[in-house]
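All figures in this text were calculated on a predicted structure; none of them were measured in a lab.
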Amino acid sequence: MRDEHRWLRRLTVLGAGLLLLLLGTAAPASAHAALRETDPADGAVLKSAPRHVTLTFTESVGLLTDSLRVYDPENHRVRTGEPGHASGRSDTARVPLPSRLGTGTYTVAWRVVSADSHPVSGALTFSVGKRTATTTSVLPDRTENRATTSLYNIARYLAYLAVALLLGTAAFVAYCRPPIPAHLRTPLLAAWVTLFASTLALFLLRAPYEEGTSPTRALSLSALTRTATTRPGELLLTRLALLLLVGACALSLRRGRRRIPRRAALTTAALLSAALSLTWAASEHASAGLQVPLAIASAALHLLAMAAWLGGLTALLLTLRRTTPDPAALPAQAVTRFSRLAFVSVTVLVATGVYQSWRGLGSWQALTDTTYGRILLAKLAAVTLLLAAASRSRRWTARLASLPPVPQRDRVPEPAGGPPLPSAPEPPAPPHPLPARLRRSVLAEVAVGVLVLVLTTLLTSTLPGRAAAEAAQSATPATGIQTATVTTVPFDVGTPGGHGKVQITLDPGRVGTNSVQAVVYGPDGGLSSVPELRITLTLPAQRIGPLDTKVTDRGGYWAADAFNLPIPGMWTMKVTVRVSEVDQVTVANSVRVGR
């Protein structure tokens with residue numbers, strides 16, 4: 001037993017370390033609203049200045065105070081009107097431009113909040129009269145603050161883990177009726193405190209997370225006021241209120257003198273659990289896209305079933321740890337009841353998971369072609385392992401329930417007027433292997449269950465395949481102007497001042513003849529002159545390339561007037577930058593070429 005407990009502690013420490021490593025090294029969460037079209041089109045050259053810049057997304061978006069910013073070719077901010085939604089279009093953001101814009105290339109930087117509460121940002125360019133070199137530098141640190149994003153994501157993971165433990169342990173106590181429920185009071189309290197603290201952190205970090213600013217802005221009164229008036233902020237406040245209500249009910253039950261009927265207590269717990277789950281469902285993928293009411297109900301049931309299974313497993317494992325190796329001392333009735341609860345939970349998880357997968361993917365091809373699909377495949381593999389471990393646990397549970405009761409020892413009669421007769425000591429019974437096997441099986445379920453929960457949280461922060469496909473299909477704007485592909489590649493040769501970035505434009509970025517323009521920016525964000533620049537493209541899937549674009553120095557920028565791309569696909573662009581006679585570096589990036 002001591003070795004098993006030591007194994008459990010080591011596994012817990014290892015799992016926590018891997019989880020923190022994952023959170024610390026994960027890239028910023030992918031946004032869930034994808035840009036469908038823009039007017040003017042990205043990379044378009046216009047004869048006259050437009051009156052507005054309009055961005056249309058795949059779902060409704062919320063605007064920030066600084067959602068759309070326009071910069072002229074000299075990197076000066078253009079004075080624009082207040083950004084807003086187009087008339088009757090919550091999925092369209094628009095900002096009015098001045099009546100007169102000079103000749104040259106303008107940059108539009110934008111950042112909005114998608115309907116499922118995740119910020120999305122990007123940039124586009126358009127030119128008036130002719131395309132010119134621009135010194136505008138829209139750096140990634142304006143759109144994402146790594147410290148804020150990391151803290152926010154850690155709070156999200158902790159909230160998911162805590163709600164699973166809180167609701168699952170409560171369901172285990174209420175339905176499975178363990179022999180000593182007081183042993184589960186500590187994990188219940190720890191889950192409640194963790195969930196309350198992580199939810200409060202999410203509320204405080206909400207404004208900096210949306211705006212891409214430092215965590216120090218979390219305590220700003222204006223930021224807190226704005227968060228409280230948004231839908232994600234209202235849902236977080238609702239969650240905090242529900243947790244306070246749960247805590248108040250638990251205290252009243254513990255200190256109250258009157259006993260509340262069991263049915264009333266279960267009904268109250270079920271209502272509070274459903275309300276808590278809705279604060280997640282109404283703020284994630286389910287809140288936007290197809291069949292929103294049905295999707296929210298499905299997401300809430302999915303969360304409740306996940307909590308009942310994984311949180312209940314943790315409670316079962318803690319209960320089994322309190323028992324002796326004697327199978328007769330095991331809580332057989334509680335184990336059997338949990339087996340039935342787990343079966344119902346798995347059925348609900350499978351049904352709601354199939355629906356959510358169909359809604360998020362949109363096609364079989366998205367399983368392998370999108371990040372969402374690949375994470376979903378990993379989750380399906382983990383769920384398969386979890387079901388295998390659960391099947392093994394059910395087998396040990398059935399064997400436990402079939403064990404005959406241990407016979408009671410016969411009472412030795414006492415002789416009249418004397419001490420009881422001595423009885424020969426019974427040899428100790430050898431430990432039964434069944435309890436240890438059941439505990440190991442449940443421990444394996446818990447370990448794989450944590451992995452499933454991590455992958456589920458990753459899915460909620462990844463662009464769904466359906467939205468990605470919809471954005472790709474709408475890549476050509478309604479104006480009929482083909483978009484250009486703009487790729488920014490950072491480089492660093494490893495010497496002082498030897499870093500910067502190359503902004504490369506493929507126009508129109510489709511199969512056939514394209515023009516190539518490349519501008520090199522130095523470490524200060526201004527234009528930089530380099531003695532050599534080489535750009536090649538390779539299509540590994542078809543073993544095509546490398547194809548040399550043969551860009552030449554045009555005095556301030558590099559360009560090639562005609563470069564042919566034979567077929568569509570995900571091309572690998574390699575950029576070689578030489579900054580001196582001996583210092584050069586080659587960096588790569590992926591570029592999608594359409595038809």
Side-chain angles (χ1 to χ4, degrees), residues 23 26-36 38 53 55-70 82-85 90-95 107-124 138-157 159 198-199 201-218 220 222-236 279-280 282-289 371-372 457-464 467-468 470-471 488:
L23 296 178
S30 303
H32 299 166
L35 185 62
R36 176 183 293 167
T38 66
V53 172
L55 284 68
T56 303
F57 298 88
T58 56
E59 62 184 49
S60 60
V61 294
L63 301 181
L64 306 170
T65 55
D66 203 21
S67 274
L68 291 103
R69 293 164 288 123
V70 183
E82 290 293 328
H85 291 98
S90 61
D91 62 345
T92 301
R94 173 177 291 177
V95 61
T107 303
V108 181
W110 51 270
R111 184 177 181 86
V112 296
V113 181
S114 60
D116 55 4
S117 77
H118 293 272
V120 53
S121 58
L124 61 96
V138 182
L139 299 177
D141 57 4
R142 170 58 184 84
T143 58
E144 292 290 347
N145 184 283
R146 294 190 64 86
T148 299
T149 302
S150 298
L151 291 174
Y152 192 86
N153 286 336
I154 288 174
R156 288 179 66 247
Y157 279 82
S198 59
T199 303
L202 288 173
F203 180 81
L204 295 176
L205 292 169
R206 183 66 204 177
Y209 175 68
E210 289 182 351
E211 298 169 357
T213 55
S214 169
T216 56
R217 180 167 161 71
S220 168
S222 60
L224 294 176
T225 302
R226 183 192 177 278
T227 300
T229 59
T230 62
R231 185 168 61 88
E234 292 172 351
L235 290 171
L236 290 172
T279 63
W280 271 273
S283 63
E284 297 290 352
H285 283 311
S287 61
T371 303
Y372 184 90
T457 313
L458 282 176
L459 278 178
T460 64
S461 60
T462 305
L463 178 67
E470 186 177 353
T488 301

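By the side chain to side chain contact (heavy atoms under 4.5 Å, CB included) test, Thr225 is found to be paired with Leu221, residues two or more places apart in sequence or in another chain being considered. Arg226 meets the salt bridge (Lys or Arg N to Asp or Glu O under 4.0 Å) test with Glu210; sequence neighbours excluded. For the side chain to side chain donor-acceptor pair (under 3.5 Å) test, no residue two or more places apart in sequence or in another chain qualifies with Thr229. For Thr279, the side chain to side chain donor-acceptor pair (under 3.5 Å) partners at least two apart in sequence or on another chain are Arg239. Judged as a side chain to side chain contact (heavy atoms under 4.5 Å, CB included), and not counting sequence neighbours, the contacts of Ala201 are Ala155. Qualifying side chain to side chain contact (heavy atoms under 4.5 Å, CB included) partners for Thr92, counting only residues two or more places apart in sequence or in other chains: Thr54, Thr56, Ala86, Arg89.
Using a 4.5 Å heavy-atom threshold, the side chains of Phe203 and Leu224 count as touching. Arg69 places none of its side-chain heavy atoms less than 4.5 Å from the side chain of Pro83. Between Val108 and Val95, the closest side-chain pair of non-hydrogen atoms is not below 4.5 Å.
Between Phe57 and Trp110, the ring planes lie perpendicular to each other; the angle is over 60°, past the 30° to 60° tilted range.
Taking CG of Leu205 as the start and CG of Leu236 as the end, the distance is 10.5 Å to the nearest 0.5 Å. Between the CZ atom of Arg94 and the CD atom of Glu82 there is a distance of 15.5 Å, given to the nearest 0.5 Å. A distance of 11.5 Å separates CG in Leu202 from CD1 in Ile154, rounded to the nearest 0.5 Å.
Remark: side-chain polar atoms of Thr148 are paired, donor with acceptor, to backbone N or O of Thr213 under 3.5 angstrom. Judged purely by atom type and a 3.5 angstrom limit, Ser114 has no side-chain atom pairing as donor or acceptor with the backbone of Pro119.
Only one option out of Val61, Thr230, Leu64, Leu63 pairs with Val113 in a side chain to side chain contact (heavy atoms under 4.5 Å, CB included); it is Leu64.
Here the closest heavy-atom approach between residue Ser67 and residue Val112 is recorded as OG-CG1, 4.1 Å. Contact record, Pro208 with Ser214: CB-O, 3.5 Å, taken as the closest heavy-atom pair. In terms of heavy atoms, Arg111 sits closest to Tyr209 at NH2-O, 2.9 Å.
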